[in-house]
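Read through the structure below, which is laid out as C-alpha cells, and then see the notes.
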Amino acid sequence: MKIYKVKNYDEMSKKAASVIAAQIVTKPDCVLGLATGSTPIGTYECLVEKYRNGELDFSEVKTANLDEYKGLTKDNDQSYYYFMNHHLFSHVNIDMAQTNIPDGTAQDAAAECARYEDVIRSLGGVDLQVLGLGHDGHIGFNEPDDHFAAETHCVDLTEMTIEANKRFFASADDVPRQAFTMGIGTIMRARRIVFLVSGSDKAEILKKSLYGPVTPAVPASILQFHPDVVVIADEAAMAGR
C-alpha cells in the first residue's frame, strides 16, 4: 500500500488523474473501474482537461462502474449513468458501447447482479479501480456487515448513507433505499486500486480503514490485504493518522 498525503482536494484530484492517465497511456485498452459521488469529480475534470490538451486517448478504454441506484432510470439526473456521462463520458472520445454500469431498472435483481459479474469477467477483469470512502467505511455500496460480500449484489442502504446522499435529492424520502454494487470480492480482484479520500469528516474512518483491524464492520479495511493500493488523501483526511 502506497500512501500519498497531498495538500488539499485539488491536489488529490490532480494526483489521481495522473495515476489513471499513466494507466491509459501504458495500456490504451485498459479496463477502468469507476466510482461516483463528490470525491472523484475533480479527478474526472482533470482527466477531461488532459484529453482536451491532447494528452489522453480514451478510444480503446473500457469501463465498469462500481454501482447504481436501484429504481433510477438512465435519464434521472441522480442516476450514476447520468453522473458518468455528465462528468466524464460526454467530454472525451470514449466508445459508449464499452462503458458498463449496472441497470438500475432491472426487475430481477439476482439476474442483473449475475449479468454484471459476467460483464466484468468478459472484460478480463478491472485493471485499475477507483474508490472513494463512505463515512461508515463503505466502498461502492458495500455497507458495514457481518461478512464481506463476494460478488455484485443488491444492498439495502443504511440510514447513514441515505443521510449522506440526501443532499443530492429534493429530500431524504427521494433517496433510493437500495442499490446494485460490485461486491468486496469483485473489487479486490482489480489489479490496482486508487483509493481517494478528502476532508476532515473522513479522518476517523480513514484511520480505521488503513490501520484498524480488518473487519466487515469497516468494509474498506479489506484493502489492507490488496497487493497494489494507492491511497491519495488530503491533509484534512490524514489528520487522524
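Since the structure is predicted, the reported quantities are computational estimates derived from the model, not experimental observations.
At a threshold of 4.5 Å between non-hydrogen side-chain atoms, the residues L47 and Y51 do not count as touching. L66 places none of its side-chain heavy atoms less than 4.5 Å from the side chain of Y80. Contact annotation: the side chain of D57 never approaches that of V92 to less than 4.5 Å [non-hydrogen atoms, C-beta and beyond]. Side-chain contact between K207 and I205: absent, with no pair of heavy atoms (C-beta onward) separated by less than 4.5 Å. Two residues are said to be in side-chain contact when any heavy atoms from C-beta on lie closer than 4.5 Å; L131 and V229 fail this criterion. Looking at V126 and R191, their side chains never come closer than 4.5 Å, going by heavy atoms from C-beta outward. Contact of the D95 side chain with the E60 side chain is not registered, since no non-hydrogen atoms from C-beta on lie closer than 4.5 Å. Counting only heavy atoms from C-beta outward, the side chains of V19 and L128 approach each other to under 4.5 Å.
Summarising the local packing, NZ of K27 is surrounded by more than 12 heavy atoms from other residues, nucleotides or ligands at distances under 6.0 Å. The local environment of CD in E49 is sparse, with at most 12 non-hydrogen atoms from other residues, nucleotides or ligands closer than 6.0 Å. Atom NZ of K14 has 12 or fewer neighbouring heavy atoms from other residues, nucleotides or ligands inside a 6.0 Å radius.
Using a 4.0 Å cut-off between charged nitrogen and carboxylate oxygen, E204 and K208 count as a salt-bridge pair.
Partners of F169 according to the ring-ring contact (aromatic ring centres under 6.0 Å, His included) rule, which considers only residues two or more places apart in sequence or in another chain, are Y69. With sequence neighbours left out, the side-chain hydrogen bond (donor to acceptor under 3.5 Å, both in side chains) criterion links Q178 to D156. Residues satisfying the side-chain hydrogen bond (donor to acceptor under 3.5 Å, both in side chains) criterion with D201, sequence neighbours excluded, are H135. When the side-chain hydrogen bond (donor to acceptor under 3.5 Å, both in side chains) test is applied to S198, the partners found at least two apart in sequence or on another chain are D234. Every residue meeting the side chain to side chain contact (heavy atoms under 4.5 Å, CB included) condition with E151, not counting sequence neighbours, appears here in chain and number order: E117, R121, T186, R189.
A chain of hydrophobic side-chain contacts below 4.5 Å, direct or via other Ile, Leu, Val, Met, Phe, Trp or Tyr residues, connects I101 to V130.
Judged by distance alone, with hydrogens and angles left aside, the side-chain atoms of S90 form a donor-acceptor pair with the main-chain N or O of N85 at under 3.5 Å. Under a 3.5 Å cut-off, the side chain of T26 and the backbone N or O of Q23 do not form any donor-acceptor pair. Under the 3.5 Å distance criterion, the side-chain polar atoms of H138 are left unmatched by any main-chain donor or acceptor of A220. For N93 (side chain) and F58 (main-chain N/O), a donor-acceptor pair under 3.5 Å exists by modelled atom type. Counting only distance, with no hydrogens or angles, the side chain of S79 and the backbone of K74 share a donor-acceptor pair below 3.5 Å. Side-chain atoms of Q129 do not come within 3.5 Å of backbone N or O of L32 as any donor-acceptor pair.
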*side chain to side chain contact (heavy atoms under 4.5 Å, CB included) between H153 and M182: does it pass, once the steps are laid out?*
CA-CA 7 Å; H153 59 291; M182 285 187 193; over 6 Å; no
*Under the side chain to side chain contact (heavy atoms under 4.5 Å, CB included) rule, what do K166 and V175 come out as? Steps first, then yes or no, please.*
CA-CA 6 Å; K166 74 175 185 181; V175 184; 3.9 Å; yes
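Listed here is the closest heavy atom pair of A64 and L123: CB-CD1, 4.4 Å.
Atom CZ of R192 sits about 12.0 Å away from atom SG of C30, to the nearest 0.5 Å. In this structure, CD on Q224 lies 8.0 Å from OG on S209, to the nearest 0.5 angstrom. K70 NZ to L72 CG: the interatomic distance, rounded to the nearest 0.5 Å, is 10.5 Å. Note that the CZ atom of F89 and the CG atom of N65 stand 5.5 Å from one another [nearest 0.5 Å]. Once rounded to the nearest 0.5 Å, the distance linking CE of M12 with NZ of K7 reads 15.0 Å. Summarising the geometry, atom CD1 belonging to I222 is positioned 10.5 Å from atom CG belonging to N142; distances are rounded to the nearest 0.5 Å.
With no hydrogens or angles considered, a side-chain donor-acceptor pair links E143 and T161 at under 3.5 Å.
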Could you pull out all donor-acceptor pairs under 3.5 Å where a side-chain atom in residues 33-43 meets a protein atom, sequence neighbours excluded?
residue : atom : partner : partner atom : Å
S38     : OG   : R167    : NH2          : 3.3

